[in-house]
**Student:** 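Structure in structure tokens, see below.
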Amino acid sequence: MKISFVLNGKTTEINTEPWTRVIDILREQIHLTGTKEGCGSGDCGACTIVVDGESKLACLMYAMQLEGRNIETIEGLKKDGVMHPIQEAFVDYGAVQCGFCIPGMIMAVYAFLQKNHRASRKKIKEAISGNLCRCTGYEKIVDAVEAVAKNMEKRKKKPLSLKMPQKHSGINPFLPERLDELWRLIDGGSDISVYAGGTDLLVKLRENSPSKKIKPICLERMKELKTVYESEEGIFIGACSTHSELLHNPKIQRRFPVLIKALKSLGSPSIRNMGTIGGNICTASPAGDTLPPLYVLDAKVEIRSKAHRRLMPIREFILGPGRTALEKGEILYGVWLDRDINFNIHHFEKIGQREALTISIASLAALLKLSEDGTVEEARFAWGSVGPTVVRSKEVEDGIIGRPFNRETLRDIVSVVHGVISPIDDIRSSAVYRKKLAGNLLFRLLK
Amino acid sequence: MPIKRYMDRIDAIEKVLGQAKYAGDIHIEGMLYGVIVRSSIPHGWIKNIDFDKALTYKGVIKILTQKDIPGENVYGIIKKDQPLLAKERVRYIGEPVAIVLGEDESIARRASHLIRIEYEKMDVVSDPLQSMNGGVKLHDDGNLLSHRKVIKGDIDRGFRESDVIVERTYRTTWLDHAYIEPEAGLGYMDEKGRLIITSSTQNVHYKRNEISRLLAIPEERIRIIQATTGGGFGGKLDMTVEGYVALSVYHTKRPVLIRFTREESFLSNTKRHPLLIHYKTGAKKDGTIQAVKVDVTGDTGAYASYGSTVCLRVAVHATGPYEVPNVYAESRMLYTNNPVSGAMRGFGVPQIAFAHESQMDIMAKELNIDPLEIRIKNALKRGSKTATSQELGTSVGFIETLKAIEPFWKGRKKSGTRGFGLGSMFYGMGNTGISNPSSARITLTEEGKIALHTGACDIGQGSDTVLLQILCETLDVDGKDVLLVRADTDLTGDAGSTSASRQTYISGKAVQLAALNLRAYLEKEGFYRGRGISEIYRSYRDRGFPPFEGYFDPPTEALDMDTAKGKPYATYAYATHMAEVEVDRITGYVKVLRVYAAHDVGKAINIKNIKGQVYGGIAMGIGFALMEEFIPGKTESLDNYYIPTSMDMPAMEAFIVEDEEPTGPFGAKGVGEPALIPQAAAIANAITDAVGVRPYELPCDLERLKKLL
């Protein structure tokens, strides 16, 4: 299949299978080897590239997704023989050691600085939190970025000029833009599956097993799946909204701080630029970071197929680890949230072994409405990673209503919590520890 | 006198531009790709291998097994006990059994899944203590790889004369180097039929030697070149892909690239040795340490790798940087069916430092002495005798590192669940009690440059830059006048491995000596009176080539086999770190807030490089202390083997102490491993200060700490 895009300012056309990974296109086909592969699973950031101004991971994208995009790689940063200020600063500040993480690191910084001119050290550390480095302890990388950021503040903000390539004449059959195109594809065969962000699916399909016959369809161009709007029915979030888009959406920020807190803890900046809320729901992992907030928000999912549309509470939609109520021919279209969420306290906490790129050992989302005298009027709790699906319990929530919101009340419900969760032992922790956490995390609400 | 010739890293520009070629970036038309087929069981006889499906897979060129090895199917950096491809038996999960060569990488990978290996399973020994008792025999000469003792004074008398005795047991686990570049190498046969291999490696001459044996071809027919290397930390010292690449090129006569996926890297590379450490310390009421008795049992896994090195180094460093009159340190390294453990930044010393620094703090508490005071009181200084009875003559800047930290230590303010901890260390530069020379050669070029030829591999730590700086400093010339020819068995002499923090100290000295030879010549030839290098080159070409060579082997003495008495290292580096942490009692989560690190480096050749090493060491130490744990069969990708991200890093400050080492170049010693060694210990002590419980096992992850709280 022919795919055309702009690569480092030049219109480029390649001929490839749609499901070749972008990193392989760049490295093996175009011989741009500055983009590195350190893990192939989105866990190291060495393959970070910039797609239409956003940092993304080339190991988690298929070639077809390049169609019509503006792609920048490390090789494109030096212009007219002059290094980019970020590159200069990395040299000047001694930020480079073995150098293998550096191209990805610089691309992550490049994307970040285009949108963040006033960058604190903390923000810089967040921006590169998806880019692992084993040599430098990150210190001089952060020094270098801080210096560039300061100089950028002084310089005039230059609007980002993106050259957009001519759209390729032949429509990419696996990159539909409208629902009717999608339904045609889905009707097409049993070897079809859909993906939104690809951050889970591409990791699963990576092992090149000889029996692999799936043809994934990418939903990222489906405009109606990327909208967020308000109507009589509530707030609609299209399934293909990326985590980053939601994080920066004022509507979501204002109404659903609990969801925002969870989104901030998810993966890394590049993962958030790629992963979507629909993908997070359909992966149906008990550790899915957006799920506990969606459970406490009583989210409803909208399911569509060619023939019908149906709505269903999220807790009925997710059946077990990796299992949902989606039937053949159906897709998750979006999520509906109540407009009138009225709680004093929006709380989310995720416990993981490190500060970024971490899979939750346990998490708690909570919404609380307290009266003026501190009595609990309404409470919703949802725990992640302590059962086969996210756990919400009427028993726990009812048990706290009408009681003063204090340590004693919480202590009383801990035993109820222990009764409703069913954690397991896995690589990340034991069931015993998870059980302890599930109860203990409630006490953070007192802060 | 500070070093005048500062240089920014010479490799930084090509790296920030994405132009540096790592082995996996090299592409040769018509090259094949190799994928290793590995054992899926920890111990068993190979009954049958079914290749039929894989062989007929479209694009598969060849499948190689042990039968295809023309020479001796055995390698090992110290003890040759590891087959390149399993003979009739496998001894750990991940042991290489066959190589599949395909026209492209995905073909080779898919075909590798089609190979079926039938095993007859054997009993497995996964605990070194069990291994010691026999039962399952892993190698013909038994399960005990190495057993060393360091004995000084009279240990019984030492404890008799002690007022307080502290006895504890410490445990550490497997760690992965997790360099961001997985192992890779490319080989081909040149027009003369010589085998050329470019790989990601920490040593080139050693690998040439191994390949010569494996293929039964003379070393002159082999050339190993170091590609730009994306981190090593000890994991690229052993053979990684080189043997497989060599064998594949040998049989196909085509270029072959082998690069590991992250999962293959986890499965194949050597791990940090898990150690079980029993530690007993005796001290007088005033805090003077009288006696240290240490018993260490290590798990080296299925093959030797650097097991015996770690075994000895742990015993030699068992007391830490303290003068102890009575020492009895015993260390054993056992074979098991676990992953092969080998070299990893510090060769066992980070593990033993966790123990001796915990002991110091426990003792300080018992005696109600400040942790900094008890360290100063017992500190090694000039004239001190180490546990191997070596008298320290020069460059013992340990107390200065403690003094550099002292203001922050005295100014600490404990509150809530915040705590502070110290960690100190000493570390012998270079290999232990054996010759480990380096050489350097300088040539002049027709274009008027001074070319340094060194076999030293820069794996990211910065030796390329430091060695050129030493050259420039010695000759009093500019960076633009020099160039580097690096780590290529055809063009450079043996500089030994990039390991044991030895390149700045040993290869740097060799470079300095070669440069002094050249300097004398240049003085005679009028270079310093304005005559150019090109001009000198021409006269020099006509008159024949005087050798501008340098050679340095640090003055050491072999250690007594029973007591380890002797001079294992010519000199030592010293360091002290201070960590501030905050512990979350609800979850057991530890946040490292701030680290101060002071290092006696002898002489700072390149301050930016040193600080980079220190910050990187702190990062690795945080991983070791709090989150990193390789669990065979479980944490085999970066998805579940966690190393610190930028957000896990504390505020850091590095202080450089310069107590010059006269045998080093301009007084310099090494810093690569010292940067890491005291960090986990400092964190463990800070945790104890914060919440009153002490971790005896690392990593002190959330769950382990929560259990203690």
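Chain naming here is simple, since letters A, B, ... match the order of the sequence lines and numbering starts at 1 in each.
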**Student:** Checking heavy atoms, do the side chain of B/Asp11, its backbone, both or neither come under 4.5 Å from chain A?
**Tutor:** side chain
**Student:** Working to the nearest 0.5 Å, report the span between CD of A/Glu139 and NZ of B/Lys611.
**Tutor:** 10.0 Å
**Student:** Could you tell me the separation between the CG atom of A/Leu437 and the CG atom of B/Leu702, rounded to the nearest 0.5 Å?
**Tutor:** 7.5 Å
**Student:** Which pair of heavy atoms, one from B/Arg262 and one from A/Cys39, lies closest together, and at what distance?
**Tutor:** CB-CA, 3.7 Å
**Student:** Give a yes or no answer on whether the side chain of A/Lys140 reaches the backbone of B/Tyr615 with a donor-acceptor pair at less than 3.5 Å.
**Tutor:** no
**Student:** Relative to the ring of A/His31, is the ring of B/His27 parallel (under 30°), tilted (30 to 60°) or perpendicular (over 60°)?
**Tutor:** tilted
**Student:** Let me know if A/Lys122 has heavy atoms under 4.5 Å from chain B in its side chain, its backbone, both or neither.
**Tutor:** neither
**Student:** For A/Phe100, is there any backbone N or O sitting under 3.5 Å from a side-chain donor or acceptor partner on B/Tyr179?
**Tutor:** no
**Student:** Most heavy-atom pairs under 4.5 angstrom with chain B, which of A/Thr358, A/Leu77, A/Ile106, A/Asp24?
**Tutor:** A/Thr358
**Student:** Could you tell me whether a side-chain N or O of A/Arg27 sits under 3.5 Å from a main-chain N or O of B/Gly24, the two making a donor and an acceptor?
**Tutor:** yes
**Student:** Where on B/Glu628 is there a heavy atom nearer than 4.5 Å to chain A: the side chain, the backbone, both, or neither?
**Tutor:** side chain
**Student:** Is the number of heavy atoms from other residues, nucleotides or ligands under 6.0 Å of B/Glu14 CD greater than 12?
**Tutor:** yes
**Student:** Less than 4.0 angstrom from a charged side-chain N to a carboxylate O is my criterion; do A/Arg21 and B/Glu105 meet it?
**Tutor:** no
**Student:** Is a side-chain N or O of A/Gln353 found less than 3.5 angstrom from the main chain of B/Asp701, in a donor-acceptor match?
**Tutor:** no
**Student:** Can you tell which of A/Ile141, A/Thr73, A/Leu357, A/Ile74 has the highest number of heavy-atom pairs within less than 4.5 Å of chain B?
**Tutor:** A/Ile74
**Student:** If you count heavy-atom pairs under 4.5 Å with chain B, which of A/Ile124, A/Asp92, A/Asp426 comes out on top?
**Tutor:** A/Asp92
**Student:** What pair of heavy atoms forms the shortest contact from B/Ile180 to A/Ala46, and how long is it?
**Tutor:** CG2-CB, 4.3 Å
**Student:** To the closest 0.5 Å, what do you measure between OG (A/Ser129) and CE (B/Met647)?
**Tutor:** 5.5 Å
**Student:** Relative to chain A, which segment of B/Tyr642 carries a heavy atom at a distance below 4.5 Å: side chain, backbone, both, or neither?
**Tutor:** both
**Student:** Is the number of heavy atoms from other residues, nucleotides or ligands under 6.0 Å of A/Lys264 NZ greater than 12?
**Tutor:** no
**Student:** Determine the minimum heavy-atom distance between B/Ser646 and A/Lys125, stating which atoms define it.
**Tutor:** OG-O, 2.7 Å
**Student:** Which residue out of B/Lys707, B/Lys634, B/Lys706 racks up the most heavy-atom pairs below 4.5 Å with chain A?
**Tutor:** B/Lys706
**Student:** Using every non-hydrogen atom in the two residues, find where A/Cys44 and B/Leu638 come nearest and quote the distance to one decimal.
**Tutor:** CB-CD1, 3.9 Å
**Student:** For B/Ile13, I'd like to know if atom CD1 has over 12 heavy atoms of other residues, nucleotides or ligands within 6.0 Å.
**Tutor:** no
**Student:** Where on A/Ser268 is there a heavy atom nearer than 4.5 Å to chain B: the side chain, the backbone, both, or neither?
**Tutor:** neither
**Student:** Around atom NZ of B/Lys591, are there more than 12 heavy atoms from other residues, nucleotides or ligands closer than 6.0 Å?
**Tutor:** yes
**Student:** So for atom CG, which belongs to B/Leu55, do other residues, nucleotides or ligands contribute more than 12 heavy atoms lying within a distance under 6.0 Å?
**Tutor:** yes
**Student:** Side chain, backbone, both or neither: which part of B/Pro699 has an atom under 4.5 Å from a heavy atom of chain A?
**Tutor:** neither
**Student:** If I compare all heavy atoms of A/Cys98 with all of B/Ile459, which pair ends up nearest, and what's the gap?
**Tutor:** CB-O, 3.5 Å
**Student:** With a 4.5 angstrom heavy-atom cut-off, could you sort out which part of A/Leu132 is near chain B: side chain, backbone, both or neither?
**Tutor:** both
**Student:** Say you draw a straight line from CG of A/Leu32 to CG of B/Asp25; how long is it, rounded to the nearest 0.5 Å?
**Tutor:** 11.0 Å
**Student:** Looking only at heavy atoms and a cut-off of under 4.5 Å, which of B/Gly232, B/Gly230, B/Ala651, B/Gly612 has the most pairs with chain A?
**Tutor:** B/Gly612
**Student:** Where on B/Glu703 is there a heavy atom nearer than 4.5 Å to chain A: the side chain, the backbone, both, or neither?
**Tutor:** both
**Student:** Hey, what do you get for CD (B/Gln613) to CD (A/Gln97), rounding to the nearest 0.5 Å?
**Tutor:** 5.5 Å
**Student:** When the side chains of residues 619-626 of chain B are checked against the rest of the protein, which donor-acceptor pairs come out under 3.5 Å, sequence neighbours left out?
**Tutor:**
none

**Student:** Pick from B/Ser112, B/Pro644, B/Gly617, B/Gly588: which one has the most heavy-atom pairs with chain A under 4.5 Å?
**Tutor:** B/Pro644
**Student:** Measure B/Ala178 against the heavy atoms of chain A and call it side chain, backbone, both or neither at under 4.5 Å.
**Tutor:** both
**Student:** Just so I understand: if I count every heavy-atom pair under 4.5 Å between each of A/Gln87, A/His84, A/Arg354 and chain B, which residue has the most?
**Tutor:** A/Arg354
**Student:** So for B/Phe233, is it side chain, backbone, both, or neither that comes closer than 4.5 Å to the heavy atoms of chain A?
**Tutor:** side chain
**Student:** Pick one of side chain, backbone, both or neither for B/Asp104, based on which atoms fall under 4.5 Å of a heavy atom in chain A.
**Tutor:** neither
**Student:** Taking atom OH as the centre, does A/Tyr93 end up with more than 12 heavy-atom neighbours from other residues, nucleotides or ligands that are less than 6.0 angstrom away?
**Tutor:** no
**Student:** Please determine, among B/Asp584, B/Val590, B/Ile26, B/Ile631, the option with the most heavy-atom pairs under 4.5 Å with chain A.
**Tutor:** B/Asp584
**Student:** Could you check whether atom NZ of A/Lys79 has more than 12 heavy atoms from other residues, nucleotides or ligands sitting under 6.0 Å from it?
**Tutor:** yes
**Student:** Heavy atoms only, distances under 4.5 angstrom: which of A/Ile359, A/Thr35, A/Ile351 has the most pairs with chain B? Name it, please.
**Tutor:** A/Ile359
**Student:** For B/Thr587 and A/Arg444, which heavy atoms make the closest approach, and how far apart are they?
**Tutor:** CG2-NH2, 3.4 Å
**Student:** Which of the residues A/Cys135, A/Pro103, A/Gly94 is involved in the greatest number of heavy-atom pairs with chain B at under 4.5 angstrom?
**Tutor:** A/Cys135
**Student:** Roughly how far, to the nearest 0.5 Å, is CD1 of B/Ile643 from CZ of A/Arg134?
**Tutor:** 4.5 Å
**Student:** Would you mind checking which part of A/Glu37 comes under 4.5 Å of any heavy atom in chain B, side chain (CB onward), backbone (N, CA, C, O), both or neither?
**Tutor:** backbone
**Student:** Can you find a pair of side-chain heavy atoms, one from A/Tyr433 and one from B/Arg704, that are under 4.5 Å apart?
**Tutor:** no
